[in-house]
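Contents: one structure, followed by commentary.
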Amino acid sequence: MTVIAIIAVFLGSLAFLPTWLVQHSLGDHTASALAAADRLRAENDVRSTLLQGLGGLLALGGIALGAVVTMRQVSTSREGQFIDLFTKAIEHLASEKTSVRHGGVYAMEQIAETAPHYRGHVAALLASFIRQQAPWPPSEPAHTDAERASRHGELRDDVAGAIAVLARRTMVEPGYSIALEQVDLRGADLTGFDLSRFCFVGANLDNALLAGCDLTHTTFSNASLRGADLTGARLTEADLRGADLTGADLADVVDLETAMTDGTTKGLPVTESDPPPAARAK
């Protein structure tokens, strides 16, 4: 109905507007003095000009519409490409080969960098990947111990790569936590990583290298950090309640006094000026 109304208005304008414009431009006396042929020619010239203007507008409208359609097609195509890449990366993470899984980790990082709306999904997926690939306690202790011995206690490349990607924080939204509860990170080299707001509840980080790490608001509740190297790490308001830091190197640790502790926290240095652990609980 709207299109019909617009066409009707346009046809009416072509029929009556040229006559009015000629009469208005020349004045009533001059217009009436024109011969009929001259007056008709003037009106047709006006109609021709109107039609040319309309043609130009329609052409511009067609170009604009074509541009909009093209942009939508490009956007749809790009989204389809991201979905395909995301799906393939997930398949790589599920591979039985460590090298393929390792490649899938970095493919996920590239997706997060080029498609910001996927960042939260990628971060959650990689955290889940670490929990599944390095659970604590191990699902197959004998196999896990043998595998660790062959790597001299280091993490597998795929797990280490996933942690490194998350620590770069390109996909971690501000204020969000990374859930790595009950993971096996014994002996992991995490030196200098930004692990702020990571959650290591119940995790095993015995002998892990955490020197220089940012552990602000990081949760270590009931985690084991026996023999871990925390030299120069920042523990601003970290949660150490129930954590075991027996034998950990806490030299030059920053803001340890702000960390949350309780009566079950083990291995913290105690001086005469320090309150008992229960008194530092928050």
Side-chain angles (χ1 to χ4, degrees), residues 98 101-102 105 123 126-141 143-169 172 177-256 258-262 264-269:
T98 301
R101 294 195 300 269
H102 196 192
V105 167
L126 289 182
S128 175
F129 172 77
I130 295 169
R131 293 195 301 270
Q132 291 177 0
Q133 293 295 325
W136 179 260
S139 54
E140 300 180 21
H143 174 74
T144 300
D145 290 343
E147 188 180 58
R148 284 177 56 82
S150 67
R151 297 192 309 273
H152 306 288
E154 297 179 355
L155 295 177
R156 282 203 324 259
D157 289 342
D158 54 343
V159 176
I163 296 176
V165 166
L166 290 172
R168 283 195 280 274
R169 311 193 75 84
V172 181
S177 176
I178 297 297
L180 295 180
E181 300 96 339
Q182 294 183 307
V183 292
D184 184 2
L185 299 179
R186 290 174 291 170
D189 187 353
L190 308 177
T191 304
F193 282 11
D194 183 354
L195 302 176
S196 57
R197 294 188 181 278
F198 276 49
C199 180
F200 294 108
V201 171
N204 191 332
L205 292 101
D206 289 353
N207 301 308
L209 304 179
L210 296 164
C213 285
D214 186 351
L215 303 174
T216 302
H217 294 113
T218 300
T219 302
F220 291 106
S221 297
N222 300 315
S224 180
L225 294 102
R226 297 172 65 89
D229 182 2
L230 290 156
T231 306
R234 178 174 294 276
L235 284 165
T236 306
E237 297 187 3
D239 188 349
L240 299 176
R241 290 174 293 188
D244 186 353
L245 292 97
T246 303
D249 188 346
L250 300 173
D252 301 320
V253 168
V254 179
D255 289 341
L256 178 60
T258 69
M260 290 181 284
T261 62
D262 61 13
T264 62
T265 304
K266 301 177 182 178
L268 290 180

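None of the values given here were measured: they were computed from a predicted structure.
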Which atoms form the tightest heavy-atom contact between Leu250 and Val253, and what is the distance? O-CG2, 3.1 Å
Within the 4.5 Å heavy-atom criterion, are Arg131 and Glu181 side-chain neighbours or not? yes
May I have the step-by-step check of side-chain hydrogen bond (donor to acceptor under 3.5 Å, both in side chains) for Arg156 and Gln133, ending in yes or no? CA-CA 9 Å; Arg156 282 203 324 259; Gln133 293 295 325; 2.6 Å; yes
Can you measure from CG (Leu180) to CG (Leu166) and round to the nearest 0.5 angstrom? 7.0 Å
Do NZ/NE/NH1/NH2 and the carboxylate oxygens of Arg169 and Asp194 come within less than 4.0 Å? yes
When you compare the side chain of Asp249 with that of Leu230, does any pair of heavy atoms fall below 4.5 Å? no
Working to the nearest 0.5 Å, report the span between CD of Glu237 and CZ of Arg197. 9.0 Å
For Gly232 versus Val254, what's the shortest heavy-atom pair and its separation? O-CG2, 4.5 Å
The test is side chain to side chain contact (heavy atoms under 4.5 Å, CB included); show your working for Ile163 and Leu126 and say whether it passes. CA-CA 8 Å; Ile163 296 176; Leu126 289 182; over 6 Å; no
Do Leu225 and Asn204 touch side chain to side chain, with heavy atoms closer than 4.5 Å? no
What are the two closest heavy atoms between Arg241 and Asp262, and how far apart are they? CB-OD2, 3.4 Å
Counting distance only, does the side-chain N/O of Thr218 pair as donor-acceptor with the main-chain N or O of Ala238 below 3.5 Å? no
For the pair Asp214 and Arg234, find out whether any cationic side-chain nitrogen is under 4.0 Å from an anionic carboxylate oxygen. no
Under the side-chain contact (heavy atoms from CB on, under 4.5 Å) test against Leu240, which residue among Leu215, Thr261, Thr219, Asn222 passes? Thr261
Evaluate side-chain hydrogen bond (donor to acceptor under 3.5 Å, both in side chains) for Thr98 paired with Asp157, printing each intermediate quantity in order. CA-CA 7 Å; Thr98 301; Asp157 289 342; over 6 Å; no
Run Ser221 and Asp239 through side-chain hydrogen bond (donor to acceptor under 3.5 Å, both in side chains) and show every step you take. CA-CA 6 Å; Ser221 297; Asp239 188 349; 3.1 Å; yes
Working for side chain to side chain contact (heavy atoms under 4.5 Å, CB included), residues Leu195 and Phe200: CA-CA 10 Å; Leu195 302 176; Phe200 294 108; 4.2 Å; yes
Are side-chain heavy atoms of Leu235 and Thr258 found at a separation under 4.5 Å? no
For Ala228 against Leu205, the heavy-atom pair lying closest together: CB-O, 3.8 Å
Between Ser224 and Asp244, is any side-chain donor less than 3.5 angstrom from a side-chain acceptor? no
Check whether any side-chain heavy atom of Leu209 sits under 4.5 Å from a side-chain heavy atom of Leu190, and report yes or no. no
Contact between Pro138 and Arg186 at the side-chain level, heavy atoms closer than 4.5 Å - yes or no? yes
Considering all heavy atoms, the nearest Gly202-Trp136 contact: O-CD1, 3.7 Å
Using modelled atom types only, decide if a donor and an acceptor are shared between the side chain of Ser196 and the backbone of Thr216 within a distance under 3.5 Å. no
Closest non-hydrogen atoms of Phe198 and Ala167, given as atom of the first, atom of the second and distance, are CZ-N, 4.3 Å
CG of Asp158 to CZ of Arg101: how many Å apart, nearest 0.5 Å? 4.5 Å
Hey, are the side chains of Leu210 and Phe193 touching, using non-hydrogen atoms and a 4.5 Å cut-off? no
